[in-house]
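In what follows, a single structure is set out as structure tokens and then discussed.
Numbered from 1 within each chain, the chains take letters A, B, ... in sequence-line order.
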Amino acid sequence: MKLYNTMSRRLEEFTPAGDEVKIYVCGVTPYDRAHLGHAMSYIIFDIVRRYLEFHGFKVKHVQNYTDIDDRIISRANSLGQPFDQLAARYMEEFDEEIRELNITPAHVFPRATQEIPTIIEMIEGLVAKGNAYRANGDVYFRVRSKDDYGKLSGRDVDSMRAGARVEPGESKEDPADFALWKGAKEGEPWWESPWGPGRPGWHIECSAMSYRYLGETLDIHGGGQDLIFPHHENEIAQSESYTGTQPFVRYWLHNGWLTFGEEKMSKSLGNIIAIREGLDKYGADGLRLFVLTSHYRSPLSYSEEALESGKRAAERLRLAATLPGGNGPPADVSVESYRQRFVEAMDDDLNTPAALAALFDLARDVNRARDEGRGIGEAQGTLRELAGVLGLTLQEPEAAMGAAPFIDLVVQLRNDLREAKQFEQADRVRAGLAELGITLEDGPKGTRWRRG
RNA sequence: GGCGACGUAGCCAAGUGGUUAAGGCAGGGGUCUGCAAAACCCUGAUCGGGGGUUCGAAUCCCCCCGUCGCCUCCA
């Protein structure tokens with residue numbers, strides 16, 4: 001299979017370096033609710049993993065939590081609660097959302113605050129090698145000590161200097177240098193270190209955690225495109241300087257943006273839709289379909305219409321895959337050619353829109369065969385299997401299934417009315433259920449109901 | 001200013017040199033149904049604009065118009 005490598009800026013045939021594929025995905029900073037942009041990114045990397053496993057690769061997947069950083073501290077302070085309590089709350093929420101989104105959990109979910117020894121060890125190594133220096137209570141990475149700095153994002157240090165940010169009180173040698181360790185200010189959480197009390201800077205935690213759990217070289221490192229610079233650029237600088245091994249990462253994968261209208265969906269623009277809201281409104285499969293109808297490297301724009309479309313499309317696949325077929329001769333559906341289309345599409349840098357198109361065509365074949373009363377078990381099995389590779393559950397939303405016996409009872413009463421030709425009464429029952437979000441379908445084998 | 005992405009039917013979105021330009025949603029017509037729903041059948045675009053290369057371009061080159069992202073908050 002081919003993957004687009006941000007480092008080389010082209011498609012490359014993927015082969016892991018060892019027996020298992022080592023994947024590190026940059027996780028969230030739990031300072032607020034996660035939004036659909038995050039969901040998009042983690043759905044995409046879930047597919048990377050599922051598809052690698054589909055191909056028979058053994059995968060080790062690590063996804064971190066950066067549970068200490070400026071935003072967490074400032075939000076916690078403004079809410080008047082301990083930073084770790086705030087982070088814990090959002091990590092819990094995120095875990096639950098991941099579960100509901102049917103995203104395969106990483107094998108390891110390390111947290112920055114629990115990796116302080118590794119982080120300190122790495123910083124010490126960088127200082128010892130001359131890649132980092134202390135300044136007041138801080139430690140900075142010396143960008144000029146790595147001559148290929150900027151190779152991932154296509155920047156050179158000189159052209160960056162103008163825009164580099166220097167906070168008051170910082171004493172960097174070069175404006176482009178970045179913090180590995182930040183000395184604690186009044187009222188900030190801190191850990192003891194050789195440079196005095198402080199906390200890790202942004203970037204170093206990922207280098208430390210990926211090193212600890214996956215080693216010097218990762219097969220795949222992923223995240224949103226906004227992480228290319230500075231985050232991933234800096235990770236490369238730290239990791240390669242520390243280990244002396246190149247490359248730090250063999251394949252860099254970055255997903256495009258979720259936009260809201262014409263703008264990027266982001267906290268700072270205040271145009272976010274929370275994952276929770278999306279799940280409640282469109283369901284896990286609906287959200288996933290929405291994400292997958294676009295290629296992962298392209299920007300995807302949010303709109304209610306597009307999400308609604310995803311929800312309807314998910315329902316179409318679900319019904320095709322689950323409604324029973326007839327007793328007739330097995331359908332004449334060449335599942336192998338569909339499987340081949342699917343694999344070809346996915347092998348081509350995870351072309352999920354094309355892969356989905358194959359699934360929808362297969363669904364049409366299934367439906368057609370069902371209409372003819374033929375056996376469709378095999379075709380449905382293939383549909384379910386391939387949809388599963390994309391992480392679709394094809395399950396009905398689980399909410400409110402406790403009402404099922406009552407709905408069954410009402411449906412039965414309505415059918416009594418229909419048998420008595422009391423259609424007006426029967427239609428009123430149907431309309432009433434529709435108001436409650438229950439759709440009825442009268443078929444030759446009786447009445448079926450579903451949510452939506 | 002530097003680097004990058006994008007503009008395909010009402011909406012979302014594949015395709016990047018060569019059969020009739022995928023698929024989804026929405027819409028219209030039909031079949032089925034007591035009526036619906038679901039499903040099935042039929043139905044829509046020459047690819048931002050202009051020029052060029054080529055036997056042949058949505059797909060390559062040039063110019064123009066428009067949109068967006070990154071340049072140390074960010075999946």
Under 3.5 Å for both donor-acceptor distances, Watson-Crick or wobble: does B:rG66 have a partner, and if so which one? B:rC6

Do A:Tyr90 and A:Asp67 pair up side chain to side chain, a donor and an acceptor below 3.5 Å, judged on atom types alone? no

Nearest-angstrom distance, P atom, B:rU20 to B:rA45: 15 Å

If you measure from the P atom in B:rC61 to the same atom in B:rC6, how many Å do you get, rounded? 12 Å

Is it the case that the side chains of A:Glu235 and A:Tyr24 hold a donor-acceptor pair, with the cut-off being a distance below 3.5 Å and no angle test? no

What pairs with A:Phe342 under ring pair (Phe, Tyr, Trp, His ring centres under 6.0 Å), at least two apart in sequence or on another chain? none

In the structure shown, which nucleotide is the Watson-Crick or G-U wobble counterpart of B:rA22, with both distances under 3.5 Å? none

What contact category does A:Arg9 fall into here, base, sugar-phosphate, or nothing, at under 4.0 angstrom with non-hydrogen atoms? sugar-phosphate

Here the distance between atom P of B:rC11 and atom OH of A:Tyr302, to the nearest Å, is 18 Å

Holding to salt bridge (Lys or Arg N to Asp or Glu O under 4.0 Å), I want the full list of residues that pass it with A:Asp416, two or more places apart in sequence or in another chain. none

Go through the side-chain N and O atoms of A:Arg10 and A:Ser8 and say whether any donor and acceptor fall under 3.5 Å apart. no

Under 4.5 Å between any side-chain heavy atoms of A:Val343 and A:Phe54, yes or no? yes

So which one's nearest nucleotide on RNA chain B is more toward 5', A:Gly154 or A:Phe360? A:Gly154

For A:His38 and B:rA75, what is the distance between atoms NE2 and C1' respectively, to the nearest whole Å? 5 Å

Could you state the CD-C1' distance from A:Gln225 to B:rG69, rounded to the nearest angstrom? 8 Å

Using the P atom as the point on both nucleotides, what is the distance between B:rG28 and B:rA38, in whole Å? 13 Å

For the P atoms, the ones on B:rG10 and on B:rA37, what distance do you get once it is rounded to whole angstrom? 26 Å

With sequence neighbours left out, write down each residue that passes side-chain contact (heavy atoms from CB on, under 4.5 Å) with A:Leu440, or none if nothing qualifies. A:Val411, A:Arg414, A:Arg430, A:Leu433, A:Ile438, A:Thr447, A:Trp449

Using whole Å, report how far CG of A:Leu227 lies from C1' of B:rC71. 14 Å

Using the C1' atoms only, state how far B:rG44 lies from B:rA26, rounded to an integer number of Å. 12 Å

What nucleic acid atoms does A:Gly223 come within less than 4.0 Å of, heavy atoms only: base, sugar-phosphate, or nothing? sugar-phosphate

So, is the end of the A:Arg75 side chain (NZ or CZ) under 6.0 Å from the ring centre of A:Tyr31 and within 45° of the ring's axis? no

Pairwise C1' distance, B:rU67 and B:rG51 [rounded to whole Å]: 23 Å

Can you name the residues that form a side-chain hydrogen bond (donor to acceptor under 3.5 Å, both in side chains) with A:Arg448, not counting sequence neighbours? none

Please report the distance, rounded to the nearest Å, between NZ in A:Lys311 and C1' in B:rA26. 16 Å

For B:rU33, which nucleotide is its Watson-Crick or G-U wobble mate, given both distances must be under 3.5 Å? none

Sugar-phosphate, base or nothing in reach of A:Leu289, heavy atoms under 4.0 Å: nothing

Over how many whole Å does the gap from A:Ile220 atom CD1 to B:rA75 atom P extend? 20 Å

Base, sugar-phosphate, or nothing: which does A:Gly310 touch, judged by heavy atoms less than 4.0 Å apart? nothing

Pick the P atom in B:rU59 and in B:rG23, then give their distance to the nearest Å. 22 Å

Nucleotide-resolved protein contact map, nucleotides 28-41 of chain B, B/S/- at heavy-atom distance under 4.0 Å: ------BBBBSSSS

Distance, rounded to the nearest Å, where A:Leu356 contributes CG and B:rC25 contributes P: 11 Å

In terms of ring plane angle, is the pair A:His107 and A:His61 parallel, tilted or perpendicular, where the classes change at 30° and 60°? perpendicular

Distance check needed: B:rC70 P versus A:Leu152 CG, whole Å only. 16 Å

Under 4.0 Å, heavy atoms only, any strand: does A:Asp69 hit a base, just the sugar-phosphate, or nothing? nothing

Polar side chain donor-acceptor pair, A:Arg364 to A:Asn367, under 3.5 angstrom: no

For B:rU72, does OP1 or OP2 lie under 4.0 Å from any side-chain N or O of A:Lys172? no

Considering Watson-Crick and G-U wobble pairs with both distances under 3.5 Å, what does B:rG1 pair with? B:rC71

When both distances are under 3.5 Å in a Watson-Crick or G-U wobble arrangement, the nucleotide paired with B:rC60 is B:rG52

Let me have a per-nucleotide readout for nucleotides 12-20 of chain B, 5' to 3', with B, S or -, counting only protein heavy atoms under 4.0 Å. -SSS-----

When the P atoms of B:rG50 and B:rU16 are considered, how many whole Å apart are they? 24 Å

